[in-house]
Amino acid sequence: MTATITPISGSESASIDAPELPAELERRFAAPTYAPLPVTLVSGEGAWVVDEDGRSYLDMLSGYSALNFGHRHPALVAAAHQQLDKLTLTSRAFHTDQLGPFCAELSQLCQLDGVVPMNTGAEAVETAIKAARRWGYLVKGVPADRARIVVADGGFHGRTTTIVGFSTDPVSRDHFGPYGPGFDVVPFGDLAATEAAFADDTVAILVEPIQGEAGVVIPPDGYLPGLRRLCDRMGVLLILDEVQSGLGRTGRTFACDHAGVRPDAFVLGKALGGGILPVSAFVARADIIGCFTPGSHGSTFGGGPLACAVGRAVLTLLAPGDLQRRATGLGQVLHGRLSALVGHGATAVRVRGLWAGVDLDPRGPVARTACELLLTHGVLAKDAHGHTLRLAPPLVIDEADLHRACDAIESVVHGLAG
Ligand SMILES: *Cc1c(COP(=O)(O)O)cnc(C)c1O
């Protein structure tokens with residue numbers, strides 16, 4: 001293919017008149033906010049993807065859990081096609097036949113009362129922050145502009161300026177200030193520190209029940225029930241960011257189901273869009289949702305008919321619980337295979353359902369090196385921080401394929417140790 005492209009800026013060339021590899025064009029023209037592995041994907045089905053040279057790979061990342069149902073799940077693609085042929089977008093200036101049912105079905109799945117439909121996870125987190133502050137002023141009676149929100153060290157909630165302002169990861173936070181006030185950071189999993197951080201003006205605690213980007217970090221038993229009791233006693237909202245942990249990933253519909261805890265609000269995203277388009281939501285109790293009024297919040301695309309049709313198909317897939325049970329069963333297989341790596345190249349593994357963090361021996365190469373080696377074995381995975389390998393296969397993966405991926409992981413991790 002011959003491309004004639006004018007660069008956005010830069011003096012090195014005004015145009016290109018030469019065949020260029022897509023990955024090379026990406027390197028030159030896409031901002032360097034990612035460091036992709038050297039593979040160019042062109043198609044996918046289920047747990048498998050294919051590169052431009054026809055090589056197949058098992059996808060053990062699943063778009064950071066956006067692809068919980070695998071690539072192009074037939075029921076999701078069919079729902080999208082059907083809606084594409086009817087109505088795709090209207091704006092919220094009008095009702096559609098999709099938004100009401102989507103919000104009702106999602107509220108029911110969450111056992112909560114109402115939904116603010118958005119697009120990306122970060123937007124749903126921003127919605128949670130706005131909702132918590134409004135609730136603080138209108139319901140709890142916090143003095144104007146004094147509301148505080150407690151968050152956890154090492155958490156990840158997205159990339160907006162407000163959100164990176166309370167991030168403790170210097171890579172995503174540095175040089176984007178000035179940062180917004182009103183957040184208190186406490187150690188993840190530490191109930192005593194959380195209680196100490198709760199003040200009269202605290203309106204909410206916003207946490208992941210399991211920290212995904214941090215490397216699938218599971219808090220101590222009793223943490224979520226403890227937060228629930230603390231929030232009830234102090235009149236503080238418990239808002240769980242289940243953008244990555246939710247919708248089947250951990251073997252339950254929500255990660256907090258393992259602890260038998262119901263939050264006051266959920267932040268959802270990623271898998272809610274079925275791997276097809278961005279669909280996110282803030283789902284909450286009636287007294288929180290009721291703090292919004294016409295014009296106080298919104299989104300041009302959020303809650304559009306195509307997004308809602310795909311979201312409803314996702315909820316239909318989750319309703320019977322089969323995928324959650326599958327994640328539990330295959331999660332036991334994954335746990336067994338990964339546990340055998342401890343002492344043989346890995347120092348610790350954390351597994352919940354089909355979600356795992358593998359800490360590689362810090363004396364060996366970083367996890368990025370392991371991912372580059374896994375690529376040559378036909379397995380796609382992603383490092384979290386430094387020496388942690390993060391795994392999240394699609395919930396639809398075959399047991400034989402899961403073993404195949406584990407064989408490759410075992411060989412790479414053992415190889416690094418040797
Ligand atoms: C990915 C993620 C987000 C942000 O979602 P985007 O769609 O990338 O904006 C927020 N919270 C958690 C826990 C996430 O994993």
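Start at 1 with the first residue, then count along the sequence. Atoms within a ligand are numbered from 1 in the order they appear, just like the ligands themselves. Since this is a predicted model, take the numbers as computed values, not measurements.
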*CZ of R159 to OG1 of T120: how many Å apart, nearest 0.5 Å?*
12.0 Å
*Residues forming a side chain to side chain contact (heavy atoms under 4.5 Å, CB included) with L138, sequence neighbours excluded*: R134, C291
*With a 4.0 angstrom cut-off on heavy atoms, strictly below it, pick out the residues next to ligand 1 and order them by chain and number.*
T120, G121, A122, F156, H157, G158, E208, D241, V243, Q244, K270
*Give a yes or no on whether D200 atom CG has more than 12 heavy-atom contacts from other residues, nucleotides or ligands under 6.0 Å away.*
no
*Can you name the residues that form a salt bridge (Lys or Arg N to Asp or Glu O under 4.0 Å) with D190, not counting sequence neighbours?*
none
_Cation-pi, F183 ring and R148 (6.0 angstrom, 45 degrees)_ = no
_Which residues share a side chain to side chain contact (heavy atoms under 4.5 Å, CB included) with S56, sequence neighbours left out_ = W48, V50
